[in-house]
Amino acid sequence: MANPLYDTLFARHSGRDTVFLHLPDGSALTHDSFLRMAARFAHQIVQFGLEPGDRLAVQIGKSPQALAVYAACAQTGVIFLPLNTAYTPAEVSYFLENSGAKLFLCDAKGAEALAPVSVKSGARQETLNGDGSGSFADAAAGQPDEFDTIPREKGDLAAFLYTSGTTGRSKGAMLTQDNLLSNAQVLTDYWRFTDQDVLLHALPIFHTHGLFVATNICLISGAQMIFYPGFDAEQMVRDMPRATSMMGVPTFYTRLLDRDDFTADVARNMRLFISGSAPLLAETHREFEARTGHRILERYGMTETNMNTSNPYEGERRAGTVGYPLPGVELRVCDESGAEIPQGEIGTIEVRGPNVFKGYWQMPEKTAEELRENGFFITGDLGLVDADGYVTIVGRGKDLIISGGYNIYPKEIELVLDQAPGVLESAVIGVPHPDFGETPVGVLARRPGEEPDIDAIMAEMADALARFKHPRKLVVVDALPRNTMGKVQKNVLRDEYKGLFAQG
Ligand code: MCA
Ligand code: AMP
């Protein structure tokens, strides 16, 4: 094939008048119209001087146009780099500079604040808004609606997704065409997606779950998507009778269950509910089955690996587990040295397969720390494999908080808190939250004789970090608990503050 990613996901639909997206205004977009838009974008990208291997960063609202930029990148061999729309200009600045993006597409609303950031990084900035308008769309409007696909190999890079780290510095995970394709193909078969499916798509498309899992599967199978700008439980309940499947983070499921109008009848045409990105409580699994008769299928993945495990489609979907390693994915549980430990015991999960990324962009040392020479990737998740082969994740070796499916690395917040006047040091912990699963709480040790100004700290936070990363509470104490080695005991703090957001 000339360009495996473009040919497999997109070119197969060329000339087809079948529906690809159902949009919130009631209209539908066909595969062919979508591909013609993508071809115009591809011409424009090339006209702006981008070549295969260059990076195109986007921080834009969820729209068919945003997906068309992804398709245009595949067709031109340009590396697609989507960014969370919640990131502040300070955060975006790092991603543009680190990736060396040549072109940056943003929403007109944020364009002024982002302009200095683009200038500093050397990226050309153009706008593309959630409604499809903007300088990029205007420029592309006059371009031809067919584009000669640029040949690529399956080992060529297709996308960068940035993932934060325990040091607080984000790393660009380099994903090849084959990383994306091999996984999407396996998942399409494993979860039995066909062109008869209609997927409720309410996830963001700047992360693995909404883009490389949900969207790629629909493209491979020819399934339709009911494409929402974001998650709204009321809309989901309204549209569910005309859908067959849904993918979501656990918050989607708890929010649906909070509604009395979410009933078995509403879910009557659904064949599959999939959950991932964060642990689904066994209790949510049971409540969902009692309400709808459906057993949620939970799976486990990472930005660096796409999906690793899944509960079975036909067999028992076991609550509290993430199922079996997917076909082609090897999974082992190891001690710190990388030696495999006996079945049933808890250790670090490592995975190997065609899904595993190529490494972190321009960070060979970080890559070497997490990707073994033998190809196994050290996930940082703690888990075990039971006698039946089901994988259970029991915790995280890495200091990570997952809030509503978004990853928050405490170090990033601690770096902001530690600089605040009156703060000697800080520790950020994740505590249970009824809506988001977990949420960050900042514990500040005051400098003797001084008092931190919480409002000023939160104002500083607003400039530095995306809203979803902000601690929901800051607590001031005299000193942080430490063990005999002098290390801050986050487990003691987690225990002390675990009831802060308890329900009822
Ligand atoms: C929004 N807010 C959040 C979150 N989302 N705060 C903490 N955690 C969040 N996840 C902020 C908003 O800015 C707002 O701030 C306030 O919380 C309430 O917003 P609300 O309207 O309730 O939120 P929402 O817009 O309804 O969003 C909640 C959501 C969304 C639907 C759960 O966060 C979401 O779509 N999450 C999915 C993330 C995802 O796709 N993860 C996959 C990553 P204010 O106080 O200003 O009002 S891929 C991955 O993890 C791997 C590979 C995998 O396995 O899939
Ligand atoms: P990300 O860095 O956004 O790719 O997040 C990946 C992390 O999300 C994994 O390393 C896990 O800690 C977590 N994760 C994903 N799916 C699940 C799941 N089904 N259960 C528990 N944790 C999960």
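Quick caveat: nothing in here was measured; it's all calculated off a predicted structure. One-based numbering, in listed order, for ligands and for the atoms of each.
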Side chain, backbone, both or neither: which applies to [X] and ligand 2 if a contact is any heavy-atom pair less than 4.0 Å apart?
X: His207; value: neither
X: Glu304; value: neither
X: Ser275; value: neither
X: Pro279; value: both

Going by the closest heavy atom to [atom], which one wins out of [options]?
atom: atom 49 (C) of ligand 1; options: Ser277, Gly437, Ala278; answer: Ser277
atom: atom 23 (C) of ligand 2; options: Ala278, Gly320, Ser310; answer: Ala278
atom: atom 6 (N) of ligand 1; options: His470, Arg472, Lys469; answer: Arg472
atom: atom 15 (C) of ligand 2; options: Gly301, Pro250, Gly323, Gly276; answer: Gly301

Working note: Asp388 + Tyr324, criterion side-chain hydrogen bond (donor to acceptor under 3.5 Å, both in side chains); need CA distance, chi angles, decisive distance, verdict.
CA-CA 9 Å; Asp388 300 329; Tyr324 305 115; over 6 Å; no
Is the shortest side-chain N to carboxylate O distance from [X] to [Y] below 4.0 Å?
X: Glu496; Y: Lys490; answer: no
X: Lys469; Y: Glu91; answer: yes
X: Arg255; Y: Asp435; answer: yes
X: Arg242; Y: Asp239; answer: yes

Which residue supplies the protein heavy atom nearest to [atom], what is that atom called, and how far is it?
atom: atom 19 (N) of ligand 2; result: Arg299 O, 2.7 Å
atom: atom 38 (C) of ligand 1; result: Tyr406 CE2, 3.3 Å
atom: atom 7 (C) of ligand 1; result: Ser403 OG, 3.0 Å
atom: atom 16 (N) of ligand 2; result: Ser277 N, 3.2 Å
atom: atom 1 (C) of ligand 1; result: Phe436 CZ, 4.4 Å
atom: atom 15 (O) of ligand 1; result: Arg467 NE, 3.5 Å
atom: atom 34 (C) of ligand 1; result: Gly404 O, 4.0 Å
atom: atom 41 (N) of ligand 1; result: Gly405 O, 2.9 Å

Does Met307, backbone or side chain, put an N or O under 3.5 Å from an N or O of ligand 1?
no
Going by distance only, is there an N or O of Val249 that falls short of 3.5 Å from an N or O of ligand 1?
no
Under 4.0 Å from a heavy atom of [X]: which atoms of ligand 2 are those, numbered in the order shown and with their elements?
X: Met302; value: 4 (O), 6 (C), 9 (C), 10 (O)
X: Thr303; value: 1 (P), 2 (O), 3 (O), 4 (O)
X: Glu298; value: 18 (C), 19 (N), 20 (N)
X: Ile402; value: 8 (O), 13 (C)
X: Asn407; value: 1 (P), 2 (O), 3 (O), 5 (O)

Distance below 4.0 Å between [atom] and any protein heavy atom?
atom: atom 47 (O) of ligand 1; answer: no
atom: atom 19 (O) of ligand 1; answer: no
atom: atom 29 (C) of ligand 1; answer: no
atom: atom 25 (O) of ligand 1; answer: no
atom: atom 36 (N) of ligand 1; answer: yes

Tell me whether the rings of Tyr70 and Phe80 are parallel (<30°), tilted (30 to 60°) or perpendicular (>60°).
tilted
Is the cationic atom of [X] (NZ for Lys, CZ for Arg) positioned less than 6.0 Å from the six-membered ring centroid of [Y] and within 45 degrees of its normal?
X: Arg271; Y: Phe193; answer: yes
X: Arg372; Y: Phe377; answer: no
X: Lys171; Y: Tyr360; answer: yes

Please evaluate residues Asn179 and Asn306 with respect to the criterion side-chain hydrogen bond (donor to acceptor under 3.5 Å, both in side chains), reporting the C-alpha separation (whole Å), side-chain torsions for both, the decisive distance (0.1 Å), and the verdict.
CA-CA 8 Å; Asn179 292 151; Asn306 279 14; over 6 Å; no
For ligand 1, does [X] get within less than 4.0 Å through its side chain, its backbone, both, or neither, judged by non-hydrogen atoms?
X: Arg255; result: side chain
X: Phe468; result: both
X: Phe252; result: side chain
X: His207; result: side chain
X: Arg299; result: side chain

Among the heavy atoms of Lys62, does any lie under 4.0 Å from an atom of ligand 1?
no
Contact with ligand 1 for Gly210, non-hydrogen, under 4.0 angstrom:
no
So how far is it from Glu283 CD to Thr254 OG1, rounded to the nearest 0.5 Å?
10.0 Å
In Å and rounded to the nearest 0.5 Å, what is the SG to CD distance from Cys334 to Glu340?
5.5 Å
For the ring pair (Phe, Tyr, Trp, His ring centres under 6.0 Å) test, which of Tyr406, Tyr162, Phe95 pairs with Tyr87?
Phe95
Numbering the atoms of ligand 1 from 1, which are under 4.0 Å from a heavy atom of Phe231?
31 (C)
Atoms in ligand 1 with a heavy atom of Thr251 nearer than 4.0 Å:
32 (C)
Do Ser182 and Asn355 have side-chain N/O donor and acceptor atoms under 3.5 Å apart?
no
List the steps and the verdict of side-chain hydrogen bond (donor to acceptor under 3.5 Å, both in side chains) for Asp418 and Ser426.
CA-CA 6 Å; Asp418 288 347; Ser426 67; 2.7 Å; yes
Take Leu203 and Tyr228 through the test side chain to side chain contact (heavy atoms under 4.5 Å, CB included) and record every step on the way to the result.
CA-CA 8 Å; Leu203 289 159; Tyr228 303 97; over 6 Å; no
Contact check, side chains of Pro4 and Asp178, non-hydrogen atoms, under 4.5 Å
no
Can you name the one residue among Arg295, Arg299, Arg318 that meets side chain to side chain contact (heavy atoms under 4.5 Å, CB included) with Asn311?
Arg318
Give a yes/no on ligand 2: does Thr208 have at least one heavy atom closer than 4.0 angstrom to it?
no
